[in-house]
Amino acid sequence: MRFFALHLPAFAALALASPVHPPRTPAAVASHALFVRQDIQTAINASLPNVTIFATGGTIASQGSSSTQTVGYQVGLGVQQLVDAVPEILNISNIAGYQISNVDSGSVNQTILLKLAHQINAELAKDDVSGVVVTHGTDTLEETAFFLQLAVNSTKPVIVVGAMRPATALSADGPLNLLQAVTLAASENAKGRGTMITLNDRIGSAFYTTKNNANSLDTFFSTEAGQLGFFVNQIPYFYFAPSAPIGLTHFDLANATSLAHVDILYAHQDMDPALFNASYAAGAEGLVFAGVGAGGISAKAREAAEGLFNATGIPIVASHRSVDGFVPSADMGFAIAAGFYNPQKARVLLQLALTMDYDHDEIKDLFALGYPKP
Ligand code: ASP
């Protein structure tokens, strides 16, 4: 296991450009100016629940140069500006905010992930905190959400939210998404449902939700397992009572200072077999391939992967490049079947298993937990 030196969470008092959305109720916003938890609780409304927002960046925190620009904008808004833009939030919850990073989600790395896991675990351990919200770019949001599902040990809601349009755009979706995320995090009914992704009125499980469209607002899609719920008039409605996905595992990363290096290789016709050895040579401790069909791979790539596995014992997980479906548990020889985990989620699971020093058989058992059972 990798160890780390405990660091205290730092409040973000970012000096950022003026808010994109002028505060609609200046008085409420003024009382909220400092993200110091105790001040917010007492100054706003002690009868409201407390929700903590961890901001990481993404389109929800981005600004374009005009109201019609919906590509090519820049990240830059801080957590305070995100909240200032939605004063309605203060009718629902007292808010504390932490600025964890301010990056596009393709740049979210293990430092950010571990910081989130450590701080969220600490926050949810407080009796007076109802839930947390993570604001995040949508491109890799599902990876962070799944990571938090595995790394946060609490029945309180963890909601990961983003936006497809920057804050400056006509019909920007970030403010309503954020309001819904805070509503969900503050909701009693959201307990025991794990980490959830909410966007565009839908509520999905971090286990099953994936980004389905690079551009459109209705991008998050829950595969075969379906959505957990939806919002009507900003009230969350769930289809089911709380339940845990099969395969749910918890990893205690309290002492972890880094995550294992796992790469994803994308299979295609005539895949270059050299990629397996190249990844290993570059330091990969585990590999996932996004297989054709249900974990398929070309004969020569298979030979290379098998050779690498026999020579090094490095775990190689077979996932699927199709958006939906699963890789069945039939004996795959050198490869471990990913079950329903898509490549990016299989990578997170393998990363955490390797970080916690699971051996090959334990990793195989871990992935086997995720197969739908007859
Ligand atoms: N560029 C963005 C990201 O950080 C995309 C988004 O947030 O929608 O993932």
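Since we're looking at a predicted model, the values are computed, not measured. When a ligand or atom number is given, it counts from 1 through the structure's own listing order. All residue numbers in this chain count up from 1 along the given sequence.
Not a single heavy atom of G57 sits under 4.0 Å from any atom of ligand 1.
T138 OG1, 2.5 Å is the protein heavy atom nearest to atom 8 (O) of ligand 1. Among protein heavy atoms, the minimum distance from atom 9 (O) of ligand 1 is reached at S105 OG, 2.6 Å. Regarding atom 6 (C) of ligand 1, its nearest protein heavy-atom neighbour is T59 OG1, 2.8 Å. Nearest protein heavy-atom contact of atom 1 (N) of ligand 1 is D104 OD1, 3.0 Å.
Classification of the F289-F276 ring pair by plane angle, with boundaries at 30° and 60°, yields perpendicular.
Note on K300 versus D272: no salt bridge recorded, every NZ/NE/NH1/NH2 to OD/OE distance being 4.0 Å or above.
Between D139 and ligand 1, at least one pair of N/O atoms sits closer than 3.5 Å.
Between Y208 and F340, the gap from one ring centroid to the other is short of 6.0 Å. Taking the six-membered ring where the residue is Trp, the centroids of F230 and Y239 are separated by under 6.0 Å.
The number of heavy atoms from other shown groups lying within 6.0 Å of CD (Q74) does not exceed 12.
Residue A163 has at least one heavy-atom neighbour below 4.0 Å for each of these atoms of ligand 1: 6 (C), 7 (O), 8 (O).
Contact between V160 and A145 at its shortest, heavy atoms only, is CG2-CB, 3.8 Å.
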